[in-house]
Structure formats: structure tokens, C-alpha cells
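As C-alpha cells, the structure follows; a few thoughts come after it.
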Amino acid sequence: MQEMWEITGEYVVIKALENGVTIIGLTRGRDTKFHHSEKLDKGEIMIAQFTEHTSAIKIRGRVELLTKHGSLKTDD
């Protein structure tokens with residue numbers, strides 16, 4: 001059985017620099033809504049993807065963020 005995987009969007013890597021970092025996925029469309037959230041503790045990494053359903057990612061807390069455009073850290 002052949003699996004069909006289609007990569008539709010860019011990836012971002014999020015590394016928590018403190019405990020309790022919140023990552024929230026926001027939907028596309030006329031009304032922006034929360035559709036998924038995750039909590040990370042210090043040192044944990046999440047790889048997120050922009051898709052046909054996810055248009056934005058909101059991050060609360062201190063993180064290092066890596067994208068194809070470069071990297072950044074939130075202010076202390």
C-alpha cells in the first residue's frame with residue numbers, strides 16, 4: 001500500500017528557553033480561530049508546519065525560532 005504524503009507549507013523549529021512556553025496554531029479563512037495548542041518546557045523542541053489549515057502560529061514565552069529566513073530569540 002503506497003502512502004501519499006504532500007508537503008504543503010514551510011516548517012519552523014521552536015525551542016523553548018523556559019518552562020511553560022505556549023504555541024497556538026491559528027486557522028485560515030474569514031474568521032481566524034485557534035485550532036491547536038501545545039505547551040513546551042525548557043529544552044523541548046517542536047517542529048511546526050504552515051498548511052492549508054494553519055495560517056499563523058502564536059508563541060508565548062521565551063523561545064529560539066528557526067525558519068528558512070533565519071533565526072531569532074524572543075527578548076528577555
Side-chain angles (χ1 to χ4, degrees):
M1 178 180 212
Q2 181 182 2
E3 293 185 25
M4 299 298 290
W5 292 92
E6 182 178 344
I7 298 172
T8 58
E10 291 186 35
Y11 288 88
V12 295
V13 177
I14 304 159
K15 179 180 179 182
L17 300 177
E18 66 183 358
N19 290 336
V21 169
T22 303
I23 301 164
I24 302 168
L26 302 165
T27 62
R28 293 189 185 277
R30 187 175 304 163
D31 298 319
T32 301
K33 298 177 184 173
F34 297 131
H35 73 79
H36 186 83
S37 68
E38 292 287 335
K39 286 261 190 197
L40 298 179
D41 285 331
K42 185 175 182 176
E44 290 184 322
I45 294 173
M46 180 174 177
I47 301 171
Q49 181 184 28
F50 291 96
T51 67
E52 62 190 58
H53 301 293
T54 303
S55 65
I57 298 171
K58 181 177 182 176
I59 301 170
R60 289 186 183 145
R62 293 184 52 242
V63 301
E64 182 174 0
L65 183 67
L66 304 172
T67 74
K68 76 175 191 178
H69 305 287
S71 66
L72 60 101
K73 286 184 181 181
T74 53
D75 291 334
D76 291 332

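Note that the structure is a prediction, hence the values are computed from the model and not measured. Note: hydrogens, waters and symmetry copies are ignored here, and every other heavy atom, side chains too, is used.
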Closest approach of Arg62 to Val21 (non-hydrogen atoms, all atoms of both residues):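 Closest pair (atom of Arg62, atom of Val21, distance): O-CG2, 3.5 Å.
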Approximate separation, where rounding is to 0.5 Å, of Glu44 CD and Ile14 CD1: 12.0 Å
Interatomic distance, Arg60 atom CZ to Lys39 atom NZ [nearest 0.5 angstrom]: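 Atom-to-atom, Arg60:CZ and Lys39:NZ are 8.5 Å apart.
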Side-chain heavy-atom pair Glu64, Leu66 within 4.5 angstrom cut-off: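 They are in side-chain contact.
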Keeping the roles fixed (side chain from [X], backbone from [Y]), state whether a donor-acceptor pair exists under 3.5 Å.
X     : Y     : value
Ser55 : Thr27 : yes
Thr74 : Val63 : yes
Asn19 : Asp41 : no

Cluster overlap Leu17 with Met46, hydrophobic side-chain contacts below 4.5 Å: no
Option from Ile24, Thr22, Leu40, Leu65 for which side-chain contact (heavy atoms from CB on, under 4.5 Å) with Ile59 holds: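 Of all the options given, the one that passes is Leu65.
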